[in-house]
Amino acid sequence: MGVRPSRIVDLRKKKVLLDKRLESLYKKAKHLEILCDIEIGMFFFTPGDQNIFAWPSLTQATDRVKNYLGFFDKKCPIKMVKHEDLLQSVLNAKEGKINQLEKIVEKKEMEYNFNQLVEAGKKFDELEVREIRALINLFTVKRAQLDERAKQLDENVETEIDSNDYNDGEENDGHL
């Protein structure tokens, strides 16, 4: 097992360690810039402290960040989303899904109540007002479905009658 790092309390030791680590980081950044032909700008700061460490310098690092942001403004428009906006969109999607599920549950509940009424397992006066309204809506939907089915059956019957009338006028003498 490795040694687990712990917070350094002594300010002098902290400063020495920071200087060593930053120097190592600067060397690695310089190698990456040369090897990969990229620009690197880094900022380091301590919350509550006025000192900002920047590499290669404050102006160069700032210019590199501005170039980076300008590149996306001009050439590659990317929609940046705040966490709040992202969470709100996730919340809206979840609420939409919940609403869909609530409608499905309500529909199943109303069908169950309808079946209980039909089978005399439940009396009409045992239902709540909300359930009665939902049953009225269910009846309306069922009635529309029945009307549509009756219309389809009527069309099928008319089609069969028309095709039978057409065939009755012809005699088949065995020749094509």
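From a predicted model like this one, the values you see are computed outputs, not experimental measurements.
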> Any chance CZ of F45 has more than 12 other-residue heavy atoms, nucleotides or ligands included, within less than 6.0 Å?
Replying inline: no
>> I need the full list of salt bridge (Lys or Arg N to Asp or Glu O under 4.0 Å) pairs touching residues 92-103, with sequence neighbours left out, sorted by first then second residue.
In response: none
> Between K151 and D147, is there a side-chain N and carboxylate O pair less than 4.0 Å apart?
Replying inline: no
> Would a distance-only check, ignoring hydrogens and angles, find a side-chain to backbone donor-acceptor pair under 3.5 Å from T62 to L58?
Replying inline: yes
>> What's the separation between atom CH2 in W55 and atom CZ in R64, rounded to the nearest 0.5 Å?
In response: 6.0 Å
>> Quick check against the 3.5 Å criterion: does E33 have a side-chain atom that pairs as donor or acceptor with the backbone of I40?
In response: yes
> About how many Å separate CG of L17 and CZ of R12, when rounded to the nearest 0.5 Å?
Replying inline: 12.0 Å
>> Less than 4.5 Å apart, side chain to side chain, heavy atoms only: is that true for N67 and V65?
In response: no
> Can a salt bridge be assigned to the pair E23 and K28 using a cut-off of 4.0 Å between side-chain N and carboxylate O?
Replying inline: no
> What's the spacing between Q100 CD and I104 CD1 if we round to 0.5 Å?
Replying inline: 6.5 Å
>> Show, in sequence, the C-alpha distance, side-chain angles and deciding distance for Q88 and N92, and conclude whether the side chain to side chain donor-acceptor pair (under 3.5 Å) test is met.
In response: CA-CA 6 Å; Q88 187 62 47; N92 291 343; 3.0 Å; yes
> Taking 4.0 angstrom as the limit, do K14 and D10 come out as a salt bridge?
Replying inline: no
>> Test of understanding: clusters of I, L, V, M, F, W, Y form through side-chain heavy atoms closer than 4.5 Å, transitively. Do V129 and Y112 belong to the same one?
In response: no
> Do L11 and K15 come close enough that some side-chain heavy atom pair is under 4.5 Å?
Replying inline: no
> For the side-chain contact (heavy atoms from CB on, under 4.5 Å) test, which of I52, L18, L22 pairs with F44?
Replying inline: L22
> Does CD belonging to Q145 count more than 12 external heavy atoms closer than 6.0 Å?
Replying inline: yes
> Looking only at heavy atoms, which two atoms of A54 and A61 are closest? And how far apart?
Replying inline: CB-CB, 4.3 Å
>> Counting C-beta onward and ignoring hydrogens, is there a side-chain heavy-atom pair between Y26 and M42 closer than 4.5 Å?
In response: yes
